[in-house]
Amino acid sequence: MEDNNMEESEQKLEIEVAPALITVHPAQESVSVAVGSNLRVFNLKDGCGVKLIDENGGHKDSIRAIRYSKSGHLLVSAGDDKLVKIWGTNSWRCVHSVVSEKRVSALAISNDGMFVCFADKFGVVYVVDIGGDYDFENAAVAKKKAFPILSHYCSIITRLEFSPDGRYIVSADRDFKIRVTLFPKKPENGAHEIHSFCLGHTEFVSCLAFVSSKDYPNGFLVSGSGDSTVRLWDYASGSLLDTCDVGAEAGNLHSNGKQEDILSAVTDLCATSDGSLVAVAIQSLPGIMLLKCKLYSRTLSVAKVVHVAGETFIPTSLGASSSVPLLWMVMGASSSNIHDFESLARVRVVSGFTTTNDSESLVSEKLVLADKEVPGGEPLLQALQGKLTIGKEAFVMAAEAVQTSMRNLLIKKQYSAERREFRKRGRNDKKNQTID
Amino acid sequence: MLEHESISNLTHSKTTGLPRKRFYRARAHSNPLSDSHFPVPISPSQFDYTLHYPKINSSKKIEFADIGCGFGGLLISLSTLFPDKLMIGMELRDKVTEYVKERILALRVSNPGQYENVSVVRTNSMKYIPNYFEKGQLSKMFFLFPDPHFKEKNHRRRVISPHLLDEYAYVLRVGGIIYTITDVEELGVWMKSCLDGHPLFEAVSEDELEADPVVKLLSTATEEGQKVARNEGQTFRAVFRRTAPCVLD
């Protein structure tokens with residue numbers, strides 16, 4: 001029994017891989033992909049890969065979050081090496097490296113580019129005042145200090161997001177919670193005023209996105225979860241407006257008779273800039289699901305599933321610029337010893353990521369671009385993927401490893417009553433008692 | 001049924017019908033950081049009032065919460081002092097919760113019509129407060145003789161902390177009162193300084209404390225309080241009011 005226990009915990013450590021991430025410059029001037037500790041950037045303006053300059057040699061462990069500021073002047077990356085790196089997108093130099101006490105799990109940049117917020121694995125959100133991102137790269141390199149502003153008590157924060165008007169910071173955690181907090185003018189003193197909680201998910205919340213339009217400038221909040229639903233919220237009141245069971249929809253679409261006993265988690269969300277369409281990445285779905293979001297009637301419904309021909313492409317992260325109607329997707333994972341595979345990153349792009357007035361024709365024109373049609377073409381894929389051709393088995397192994405790691409990280413372990421008693425017996429504080 | 005009766009005969013006093021504490025012994029402390037394995041309502045609207053308050057009109061909402069209620073001494077006193085308010089004790093240790101539940105059920109039987117407004121739930125209030133109460137639902141919260149967690153490394157386990165106060169401020173209505181008391185001076189200073197430093201709380205004046213019948217119960221009604229009094233120990237109290245946020249901020 002004791003040996004079993006050891007084996008189990010050892011395995012868990014080895015299995016843990018980080019999913020590949022993608023983020024797109026707001027004007028699509030560049031695209032960034034993170035795989036493991038590797039941050040790869042392709043400059044679409046010049047059509048070449050970017051060499052990042054960092055005196056400290058970049059990240060040392062898996063990157064868990066990457067993000068551009070709204071103006072596109074800076075890129076922020078952070079992860080398991082407890083470093084938050086702030087890069088200028090002109091020089092591609094690491095201007096600041098902020099040290100976190102714990103591993104970083106999520107990032108957000110305030111809409112005005114004044115503050116970088118990051119969350120650690122123990123549920124604390126910190127703020128760093130970077131004093132605006134416009135003249136950022138020329139600013140004197142001062143040591144930036146991080147101040148804790150709010151906390152989800154001992155829960156892993158999975159996402160951070162600012163509301164479209166910048167008044168609120170929204171944080172999601174693995175204990176099914178979404179917290180909407182007023183973001184104060186002087187955040188260093190803490191963000192104490194909780195505006196609402198959005199409660200309704202029955203598993204960890206994995207991703208957040210705002211949907212807003214000219215008619216609804218403050219918009220609504222969309223969240224994805226391990227309970228395989230996507231939910232639409234009025235974040236001002238915390239009330240649930242609509243629930244879309246995307247897991248069931250995805251299951252219907254490619255049911256091969258095999259019933260999955262575990263719900264397939266939603267891993268990422270990406271909304272169009274007019275808030276009418278939300279792309280959803282689901283762990284069991286090769287391809288991408290598009291949801292129609294009607295802001296006036298406050299409903300979410302499945303519009304279409306876009307399949308990717310020729311490979312088992314299950315996206316791990318999504319991104320889009322605010323100006324070009326393309327949806328960028330990456331599938332991949334950091335390298336893993338146990339599965340004996342190298343890190344994988346595969347980038348695909350879906351065209352027509354926008355809505356037209358004719359709501360029926362919207363559904364037909366989404367196409368997965370061939371590699372040659374992707375902006376930047378093969379040089380981009382070479383830079384972001386690391387290589388152009390990827391073996392079939394790599395996809396399957398990466399999908400499995402990502403799914404297992406996510407489950408280990410975010411789903412509570414269920415033990416039988418006996419097993420729990422056994423584990424209690426092995427606890428350190430008890431051991432000391434028996435020695436006495 | 002027969003079996004149940006024989007068990008309750010063993011654990012309950014023959015003369016009063018109340019549960020006897022020695023059958024509900026538990027560890028003095030419980031780790032609030034560990035993963036929980038008990039059911040938690042998804043949201044406050046899913047909290048089952050009919051289960052906890054079967055004789056109460058269902059439109060009423062809980063107004064008082066005793067966080068870490070222990071053996072429930074304060075709740076029992078408050079129940080008769082505020083017969084028209086619903087109140088709940090929240091306790092992490094399952095055996096202790098079980099005791100309080102039995103105690104309330106026995107009191108309801110021996111005092112028909114009374115103690116229908118009080119109940120208890122096993123939960124980790126440091127993690128799940130927003131799952132039980134809506135914004136501004138509570139008018140009183142109690143934190144009596146909480147675990148002191150002396151080591152600095154364990155300060156984050158303290159039930160009063162700057163970040164947790166944000167959540168308490170969320171469930172308390174403006175004007176609502178938070179009552180804290182401890183016999184550990186270091187913790188008393190800590191709780192007071194946390195509340196003093198929080199923008200949504202202000203100290204309640206001495207005059208008001210004099211007039212508040214609840215304040216006297218803090219040190220007399222609970223089992224911990226009585227123990228401190230028996231040993232002629234000192235207590236440290238901090239009572240604060242939830243204030244409206246400053247509009248300028």
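Quick note on labels: first sequence line is chain A, next is B, and so on, each numbered from 1.
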Please determine whether a side-chain nitrogen of the Lys or Arg among A:D175 and A:R179 lies less than 4.0 Å from a carboxylate oxygen of the Asp or Glu. no

Under a 4.0 Å N-O cut-off, is there an ion pair linking A:K102 with A:D80? no

Heavy-atom closest contact (B:P148 atom, B:L187 atom, distance): CA-CD2, 3.9 Å

Between the side chains of A:S223 and A:W233, is a donor N or O closer than 3.5 angstrom to an acceptor N or O? yes

Ignoring hydrogens and angles, write down the donor-acceptor pairs under 3.5 Å from the side chains of residues 118-127 of chain A, residues two or more places apart or on other chains.
unit_1, atom_1, unit_2, atom_2, d
A:D120, OD1, A:F122, N, 2.8
A:D120, OD1, A:G123, N, 3.1
A:D120, OD1, A:V124, N, 3.2

Can you check side chain to side chain contact (heavy atoms under 4.5 Å, CB included) on A:L107 and A:V84, steps first, answer last? CA-CA 9 Å; A:L107 276 177; A:V84 180; 4.1 Å; yes

Going by residue number, which parts of residues 132-140 of chain B are within reach of chain A, meaning a heavy-atom gap below 4.5 Å? B:K135

Residues from residues 170-184 of chain B approaching chain A under 4.5 Å (heavy atoms): B:Y170

Interchain contact, [X] with chain B, by part (heavy-atom threshold 4.5 Å):
X      : value
A:F197 : both
A:I149 : backbone
A:H201 : backbone

Side chain, backbone, both or neither: which part of B:L164 has a heavy atom under 4.5 Å from chain A? side chain

Check side-chain contact (heavy atoms from CB on, under 4.5 Å) between A:D242 and all other residues, then give those that pass, not counting sequence neighbours. A:L232, A:T299, A:L300

Kindly confirm or rule out a cation-pi arrangement of B:K95 over B:Y99, judged by NZ or CZ under 6.0 Å from the six-membered ring centre and within 45° of its axis? no

What do you reckon, are the aromatic ring centroids of A:H192 and B:H198 less than 6.0 Å apart? yes

